[in-house]
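These notes concern the structure reproduced below.
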Amino acid sequence: MSSFTAGEGALWQALTDAQRRLANVHMRDMFERDTTRFSRYTLQADQLFLDYSKNRLDDAALSSLMALASEAGIDSRRDAMFAGEIINSTEGRAVLHTALRADVAQSLLVDGTDVIAQVHEQLDRMERFVDAIRSRRHCGSSGEAITDVVNIGIGGSDLGPAMVTAALQPYAQSGPRSHFVSNVDPVQIHDTLAQLNPKTTLVIVVSKTFTTQETMANAKVAMAWLLAGVTDLQPHVAAVTTNAAAARELGFAKDSTFLFWDWVGGRYSLWSSVGLSIALAIGMSSFRKLLAGARAMDEHFCSAPLAQNMPVVLAMLGIWYRNFWQAGSHAVLPYSQRLQRLPAYLQQLDMESNGKRVRLNGDAVGSATGPVIWGEPGTNGQHAFYQLLHQGTDLIPCDILFARRGDTADEQGHRMLIANAIAQGEALMRGKEDTQLRDEMQTAGLDEEKIKALLPHRCFPGNKPSNTLVFDQLDPRTLGNLIALYEHKVFCQGVVWGINSFDQWGVELGKELAKGVLNALNESSPPAADESLLGWVMRP
């Protein structure tokens, strides 16, 4: 491990000084002084093109950020992760989601076992199952084809599959319809099942341990619903878990139980058999292209120099704003309706990974860590929260994403979408100066008193940073690129902060307390303290 500590050292001080130097420099002026800024501040990695020219930094600050990445040991920590070393020290695990998309010709031994061979064994099993359902060789107990798949999971067992399935809807035309249930609120499972026919439905229960409270509660409801409508449960259920014995105890057949491993974190699991619902929707060929896209980003991450490495550059820009500009949040703005679930997916990926307060050695982190991640698709967001981005008091960096080509024949509609995406990045950067506003209002016939009153309200300061990610079309390979890019970005930031990005102890406390509260509710035994919320809920 590097001896580097976030918040300390000459490079940290140099970046603090750079922020002070740039605080009153406008990006408009940077572009005017440097006509090559766009060409120098762009990167290509497989299907993705990144424009990071609209950021509040210059060559000196960027050089210091890259030096900070090197001093923090991103490259050595990356190599340790890909080699299968135990970098999740608090849980004693390797972190090998990258092995889930490794080529079949590769090999990686962990404790004497070739994990890549294990991965491809499960992928091949998935392929046989997926092909049987999509070709209607695997039918329900009544002989009718499976038309609907209900994926029951929570966290990464839901967010990843749901996001990818929505994003790749054009590739799902010949597959069964997909439905996702995650919330323990019974409304979701009951509303979902109410629209389906048990005779033509497959339920997939996805749980790492097969003990997750919310998932197993929803699975119990789904099993009862199936049993009331079919003569044989087995053709209608599948399990995805690390705990095959628990799945078998609950009646799931071996042939329809798919495995993954404890070195697969939930928020990194869609590449594994957790992606069974994805493969059923889009087909195994497209699922393998998704894996190939992630693998291409892995290869770029491992081989590109830090200054030309897309995940590293995005990560260090995030460090720049979080730690030196005190930006508490980061907006993700996909100009794609099909990527509507991407911000929610990235919330878990980023905030569960880097929402940490202590370093790997147990000491308090000496700097701010993970920001709040949020966003909505454009252009909807423009009519909701962009006001805050443009004229609010907080500095909120954002990522703007769009495809050059759309998924429909409506080319003009897609041009309108792209125009808005490009214009918003430009508006955030340039703003609108007082002189331009004054000229516009004078041309509109407003008198000087009115102009003076309106000018502060209509001023756009600009100088708001954004990254733009462009791709040719949203297809499986490109989406694989995109997800892996953000995975590696989050990883790099965790390295700089010196935290463990792969545990999530903060998820557990509320779940533990909920068990005791549930027991009290079930037993109708409110606590002695009348003022407690539980007592109020249980009052006659």
Side-chain angles (χ1 to χ4, degrees), residues 31 37-39 41-54 162-175 177-178 278 281-283 285-294 296-297 310 314 331-346 375-387 389-390 398-430 432 460 464 466-486:
F31 275 93
R37 183 175 175 87
F38 172 80
S39 61
Y41 283 48
T42 54
L43 289 173
Q44 180 88 35
D46 201 51
Q47 306 300 302
L48 301 182
F49 177 81
L50 169 66
D51 168 20
Y52 64 99
S53 62
K54 298 180 182 69
M163 182 273 289
V164 172
T165 302
L168 299 180
Q169 187 59 36
Y171 298 84
Q173 301 307 311
S174 59
R177 292 181 293 268
S178 302
I278 301 172
I282 67 175
S285 175
S286 291
F287 186 76
R288 289 187 185 276
K289 289 175 184 176
L290 180 78
L291 299 179
M297 185 56 67
M310 195 177 287
L314 278 182
V332 179
L333 312 173
Y335 277 73
S336 165
Q337 187 62 28
R338 300 207 191 280
L339 287 174
Q340 61 184 301
R341 297 299 305 276
L342 180 65
Y345 171 78
L346 294 179
E376 282 287 331
T379 57
N380 288 359
Q382 292 177 200
H383 296 268
F385 55 78
Y386 277 45
Q387 170 65 39
L389 297 179
H390 284 289
C398 56
D399 294 346
I400 298 170
L401 303 86
F402 68 88
R404 291 196 310 117
R405 292 191 292 143
D407 291 331
T408 74
D410 186 357
E411 294 182 5
Q412 181 57 32
H414 193 69
R415 288 192 199 104
M416 188 183 302
L417 183 73
I418 291 175
N420 275 275
I422 293 172
Q424 286 298 325
E426 189 77 359
L428 286 165
M429 184 273 286
R430 291 195 176 279
K432 186 174 277 191
F460 289 76
K464 304 298 178 77
S466 67
N467 302 302
T468 304
L469 277 163
V470 186
F471 38 91
D472 189 52
Q473 192 165 29
L474 186 59
D475 58 23
R477 184 181 182 94
T478 300
L479 186 60
N481 283 174
L482 189 63
I483 299 169
L485 168 65
Y486 278 105

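Since this is a predicted model, take the numbers as computed values, not measurements. What you see below is based on every heavy atom in this structure, not just the backbone, and it leaves out hydrogens, waters and symmetry mates. Residues take their numbers from the sequence shown, with the count starting at 1.
- Every pair passing side-chain hydrogen bond (donor to acceptor under 3.5 Å, both in side chains) that includes a residue from residues 166-175 is listed here, sequence neighbours excluded: Arg134-Ser174.
- Phe385 meets the ring pair (Phe, Tyr, Trp, His ring centres under 6.0 Å) test with Trp374; sequence neighbours excluded.
- Two residues are said to be in side-chain contact when any heavy atoms from C-beta on lie closer than 4.5 Å; Leu469 and Met310 meet this criterion.
- Scanning both residues, Leu479 and Met163, for their nearest heavy atoms gives CD1-SD, 4.4 Å.
- Partners of His414 under the ring pair (Phe, Tyr, Trp, His ring centres under 6.0 Å) rule, at least two apart in sequence or in another chain, do not exist in this structure.
- With sequence neighbours excluded, no residue forms a salt bridge (charged side-chain N to carboxylate O under 4.0 Å, His left out) with Arg37.
- Rounding to the nearest 0.5 Å gives a distance of 4.0 Å between CZ of Phe49 and OG1 of Thr42.
- To the nearest 0.5 Å, the span separating SG on Cys398 from NZ on Lys464 amounts to 10.0 Å.
- Here the CG atom belonging to Leu50 is positioned 10.0 Å from the CD atom belonging to Gln44, to the nearest 0.5 angstrom.
- Taking the salt bridge (charged side-chain N to carboxylate O under 4.0 Å, His left out) definition, one finds that Lys54 meets it with Asp51, sequence neighbours left out.
- Leu389 contributes atom CG, which lies 8.5 Å from atom CD of Gln424 (distance to the nearest 0.5 angstrom).
- Between Phe402 and Thr468, the closest side-chain pair of non-hydrogen atoms falls below 4.5 Å.
- A search for ring pair (Phe, Tyr, Trp, His ring centres under 6.0 Å) contacts involving Tyr486 returns nothing, not counting sequence neighbours.
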Sequence neighbours left out, cut at 3.5 Å: what donor-acceptor pairs do the side chains of residues 332-340 make with other protein atoms?
| from | atom 1 | to | atom 2 | distance (Å) |
| --- | --- | --- | --- | --- |
| Tyr335 | OH | Gln382 | OE1 | 2.6 |
| Tyr335 | OH | Tyr386 | OH | 2.9 |
| Ser336 | OG | Arg338 | N | 3.4 |
| Ser336 | OG | Leu339 | N | 3.4 |
| Arg338 | NE | Asp407 | OD2 | 2.9 |
| Gln340 | NE2 | Gln337 | O | 3.4 |

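- Here the straight-line distance linking atom CG of Asn481 with atom CG of Leu48 works out to 4.5 Å at 0.5 Å rounding.
- Scored by the salt bridge (charged side-chain N to carboxylate O under 4.0 Å, His left out) test, Asp410 finds no partners at all (sequence neighbours excluded).
- By the side-chain contact (heavy atoms from CB on, under 4.5 Å) test, Ser178 pairs with Thr165, Phe180, Ala281, sequence neighbours left out.
- Going from atom CG of Leu290 over to atom CD1 of Ile483 covers 5.5 Å, rounded to the nearest 0.5 Å.
- Shown here for Pro476 and Leu168, the closest heavy-atom pair between the two residues is N-CD2, 3.8 Å.
- Under the side-chain contact (heavy atoms from CB on, under 4.5 Å) criterion, Arg477 pairs with Asp46, Gln47, Ala292, Ala296, Asp475, not counting sequence neighbours.
- In this view, Arg341 satisfies the salt bridge (charged side-chain N to carboxylate O under 4.0 Å, His left out) rule with no residue, not counting sequence neighbours.
- Partners of Phe460 according to the ring pair (Phe, Tyr, Trp, His ring centres under 6.0 Å) rule, which considers only residues two or more places apart in sequence or in another chain, are His390.
- When atom types are taken as modelled, the side chain of Asn467 and the backbone of Tyr52 share no donor-acceptor pair closer than 3.5 angstrom.
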